[in-house]
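Quick notes on the structure that follows.
The first residue of the sequence shown is numbered 1, and numbering continues consecutively from there. Bear in mind the structure is a predicted one, so any value in this text is a computation, not a measurement.
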Amino acid sequence: MRPIKTSMIAASLALTAGTAFAQGIDDPTRAEYFEAFKGKTVAYVPVAMGFDLTEGWAAGLKQALEPLGVKFEIRDPNWNTDAGAQAITSLISEKPDVLVVHNPDVQSYARLLQKAEKAGIYVVQVNMRSSYSTDAFIGADYVGMGGQIAERLVEKCSPANGGSGKIAITQGVLTAAASAYQMKGIMDVLAEHPEIELVSNQAADWDATKARNIAATVIQQHPDLCAIAGFWDVMDVGTGAAIKESGKDVYLITQGGGNQSACDGLENGTYSEVVVYNVPGQARDMASMIKQMLQLKAEPGSMKTTLFTQLEFLTKDTMKPGSCWSLPSQN
C-alpha cells in the first residue's frame with residue numbers, strides 16, 4: 001500500500017505544480033531590479049551638447065534609464081571648462097546618484113571627480129578620461145588607437161610601398177586625453193620606423209576652420225605629403241576640404257563616433273578612412289554600468305572599471321549598410 005500512497009502524493013504534487021506553472025510564476029528578482037532604480041538621478045556633464053558624440057550618448061542614456069524611473073539631467077557647459085567645473089560643483093551639492101562626465105582635458109576636473117565620489121556619488125567618465133580614475137571609464141583606448149593609426153600610416157606612406165614617407169598630424173586640444181594618449185601610441189610606432197617623417201604636428205582645438213588652415217599650409221609646404229591623421233571627423237571636414245582644394249592625393253585618416261556623416265564623408269571622398277568608436281554602443285555600456293552600480297550599491301570610489309570600445313576601421317570599400325548610425329532627428 002505504501003508505494004501506491006507515495007505515488008498518489010507525488011502525482012498530486014506534480015498536478016499542483018503544473019497548475020501553478022500554467023497560471024505563470026513571478027520572476028523572483030524582478031521587483032528588486034526595478035526598486036534599485038526608483039527615484040534615482042543620473043546627471044550628465046558633456047563638454048558641450050549639439051554634436052554627434054554628446055547628443056548620441058545622451059539619447060542612449062535617456063532611452064535606457066528613463067523607462068526605469070531614473071531622472072536624467074543634462075548640464076551643458078557649451079565648451080566652457082569653467083562652466084563645466086561650476087556645474088560639477090553644483091551637482092556635488094545636489095547629490096545625484098550618478099555623475100557622467102565627458103572631460104575636456106586630463107586635469108581640469110580631476111579634483112572635482114574625486115570630491116564627487118567622496119560625497120557618495122558614482123562617477124562614470126566617457127571617452128576622454130581625467131588623470132583621476134573614477135568608478136568607471138567607457139571609451140576608446142586612445143593609446144592603442146594611436147598605435148593602429150600609425151601602423152596604417154606606415155603601410156600607406158612607407159617609401160618601400162611607394163609613398164613619400166611624409167605624414168602630418170592634426171590634434172584636437174593638446175591636453176585632452178584623445179590627443180595626449182593617442183600621440184603616445186603614434187610616437188611609439190613611429191619610433192620604430194625612421195623612414196616615416198612627421199613634417200607637421202599641430203593642434204586645431206577641435207575646430208574645422210583651424211584644421212583646414214593647418215592642412216592647407218602643410219600641403220603647400222610639402223607638396224609630396226602622403227597622409228594626414230586627424231583626431232576627429234567633425235574637425236576634419238576642414239582638413240578634407242583643404243586636401244580637395246589642393247588637388248593633391250593626400251590620404252586622410254580620421255576618427256569619430258560613427259555618425260552617418262562619417263559614412264557620407266567616406267562616400268563623397270572627404271575622408272579616406274575613419275576609425276569608429278561606436279557611440280550607441282558606448283551609451284549602452286554606460287547604461288549597463290550604471291545599472292550595475294545602482295544594484296550592487298558598492299561604495300563610490302571603490303570600483304575602478306574600464307570598458308574599452310571595440311574599434312572599426314572603415315573605408316569606402318569596407319563600409320556597409322548599418323556601419324554608421326543616425327540620431328532620431330537625423331532620420
Side-chain angles (χ1 to χ4, degrees), residues 43-58 74-92 99-118 121 123-147 149 169-188 201-211 214 229-236 238-239 254-257 275 277 279 282 286 301 304-309:
Y44 171 47
V45 181
V47 295
M49 294 300 291
F51 62 94
D52 60 339
L53 303 183
T54 53
E55 293 287 348
W57 293 323
I74 300 174
R75 304 289 174 89
D76 180 8
N78 194 26
W79 298 105
N80 187 317
T81 301
D82 289 339
Q86 291 171 9
I88 295 171
T89 300
S90 296
L91 286 167
I92 291 172
L99 178 61
V100 178
V101 177
H102 182 213
N103 293 285
D105 56 63
V106 296
Q107 198 57 49
S108 292
Y109 296 163
R111 291 183 179 179
L112 287 172
L113 301 186
Q114 185 175 18
K115 186 177 180 181
E117 288 185 333
K118 288 182 178 178
I121 303 168
V123 179
V124 177
Q125 300 180 57
V126 55
N127 216 48
M128 291 203 295
R129 72 161 79 234
S130 164
S131 59
Y132 174 72
S133 295
T134 57
D135 294 292
F137 170 80
I138 288 88
D141 169 15
Y142 280 106
V143 176
M145 183 194 294
I149 287 173
I169 293 172
T170 305
Q171 301 190 44
V173 172
L174 291 178
T175 55
S179 296
Y181 293 168
Q182 197 165 172
M183 283 307 303
K184 167 65 175 171
I186 289 173
M187 298 310 292
D188 282 351
N201 179 13
Q202 301 182 60
D205 299 325
W206 311 126
D207 184 281
T209 300
K210 289 183 181 180
I214 289 170
F231 282 9
W232 186 30
D233 55 358
V234 175
M235 174 183 75
D236 285 317
T239 308
T254 186
Q255 60 200 252
V275 187
Y277 43 87
V279 160
Q282 290 178 329
M286 280 193 285
K304 304 294 181 186
T305 303
T306 293
L307 293 178
F308 282 141
T309 307

Pairs satisfying side chain to side chain donor-acceptor pair (under 3.5 Å), at least one member in residues 106-117, at least two apart: D105-S108, Q107-S131, E117-Y132
Determine, step by step, whether D76 and Y44 satisfy the side-chain hydrogen bond (donor to acceptor under 3.5 Å, both in side chains) criterion, reporting the C-alpha distance in whole Å, the side-chain angles of both residues, the deciding distance to 0.1 Å, and the verdict. CA-CA 8 Å; D76 180 8; Y44 171 47; over 6 Å; no
State yes or no: are the ring centers of F51 and W79 separated by less than 6.0 Å? yes
Min side-chain heavy-atom separation S179-W206 under 4.5 Å: yes
Measure the CH2-OG1 distance between W232 and T254 for me, rounded to the nearest 0.5 Å. 10.0 Å
Going from CD1 on I186 to CE on M145, what distance comes out if it is rounded to the nearest 0.5 angstrom? 10.0 Å
Set out, in order, the CA-CA distance, both residues' side-chain angles and the distance that settles salt bridge (charged side-chain N to carboxylate O under 4.0 Å, His left out) for K304 and D135, then state yes or no. CA-CA 5 Å; K304 304 294 181 186; D135 294 292; 5.9 Å; no
Quick one: ring-ring contact (aromatic ring centres under 6.0 Å, His included) partners of F308, sequence neighbours excluded? none
Would you say the side-chain atoms of Q171 and Q182 include a donor-acceptor pair closer than 3.5 Å? no
Scan side-chain atoms only and decide if S90 and R75 contain a donor-acceptor pair under the 3.5 Å cut-off. no
With no hydrogens and no angle check, is any side-chain donor or acceptor of N127 less than 3.5 Å from a backbone partner on A140? yes
Would you find a donor on one side and an acceptor on the other, under 3.5 Å apart, between the side chain of T306 and the backbone of F137? no
Residue pair D141, Y181: steps toward the side-chain contact (heavy atoms from CB on, under 4.5 Å) verdict: CA-CA 8 Å; D141 169 15; Y181 293 168; over 6 Å; no
Sequence neighbours left out, what passes side chain to side chain donor-acceptor pair (under 3.5 Å) with N103? Give chain and number order. Q125
